[in-house]
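Side-chain atoms are counted along with the backbone in the values below, which use heavy atoms only and exclude waters and symmetry mates.
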Amino acid sequence: MNVVTLDVAALIHSPSALTREQGAIVHKQIVENLESGNKVILDFNDIESLITPFLNVSIGKLYETFNSSQLNKQLEIRNFPEGTGSKFKMVIENAKQYYSN
């Protein structure tokens with residue numbers, strides 16, 4: 001299994017992760033790597049602001065295709081912006097519930 005680090009700020013060309021469109025860019029890169037069997041390190045270094053619509057598309061939507069076990073093994077989040085952990089947890093819980101129905 002190869003390890004691929006995705007630099008969120010570099011992918012979206014911004015220190016602000018605010019839009020669904022930005023989330024889609026990140027989501028596409030994650031999915032391509034997970035489907036290739038790679039482990040993905042999603043690095044939020046240099047991200048200064050982050051809101052839920054971005055997280056819903058970039059990370060939450062992963063639960064449409066992948067299960068929790070697979071994501072726990074193949075996806076690692078690093079340097080998550082301070083104070084945004086509750087948003088991340090909320091998005092994950094909502095996505096698990098939404099895509100399980």
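- Under a 4.5 Å side-chain heavy-atom criterion applied to ILVMFWY residues, the cluster that includes M1 comprises that residue alone.
- K73 contributes atom NZ, which lies 11.5 Å from atom OG of S68 (distance to the nearest 0.5 angstrom).
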Name every donor-acceptor pair, under 3.5 Å, that has one atom in a side chain of residues 2-27 and the other anywhere in the protein, sequence neighbours excluded.
unit_1 : atom_1 : unit_2 : atom_2 : d
D7     : OD1    : A9     : N      : 3.2
D7     : OD1    : A10    : N      : 3.2
H13    : ND1    : A10    : O      : 3.4
S14    : OG     : S16    : N      : 3.0
S14    : OG     : S16    : O      : 3.3
S16    : OG     : S49    : OG     : 3.1
T19    : OG1    : Q22    : N      : 3.0
T19    : OG1    : Q22    : OE1    : 3.4
Q22    : OE1    : L18    : N      : 2.7
Q22    : OE1    : T19    : N      : 3.0
Q22    : NE2    : S16    : O      : 3.0
H27    : ND1    : V57    : O      : 3.3

Please tabulate, for the side chains in residues 86-99, all donor-acceptor contacts under 3.5 angstrom to protein atoms that are two or more places apart in sequence or on a different chain.
unit_1 : atom_1 : unit_2 : atom_2 : d
K87    : NZ     : L50    : O      : 2.9
N94    : ND2    : M90    : O      : 3.4

Donor-acceptor pairs under 3.5 Å, side chain of residues 37-45 to any protein atom, not counting sequence neighbours: which ones?
unit_1 : atom_1 : unit_2 : atom_2 : d
N38    : ND2    : N33    : OD1    : 3.0
K39    : NZ     : E76    : OE1    : 3.3
D43    : OD1    : N45    : N      : 2.9
D43    : OD1    : N79    : ND2    : 2.6

Show every donor-acceptor pair shorter than 3.5 Å between a side-chain atom in residues 60-67 and any protein atom, with sequence neighbours excluded, or say none if there are none.
unit_1 : atom_1 : unit_2 : atom_2 : d
K61    : NZ     : E64    : OE1    : 2.7
N67    : OD1    : S69    : N      : 3.1
N67    : OD1    : Q70    : N      : 2.7

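- Among residues at least two apart or in separate chains, there is no salt bridge (Lys or Arg N to Asp or Glu O under 4.0 Å) pair with a member in residues 46-59.
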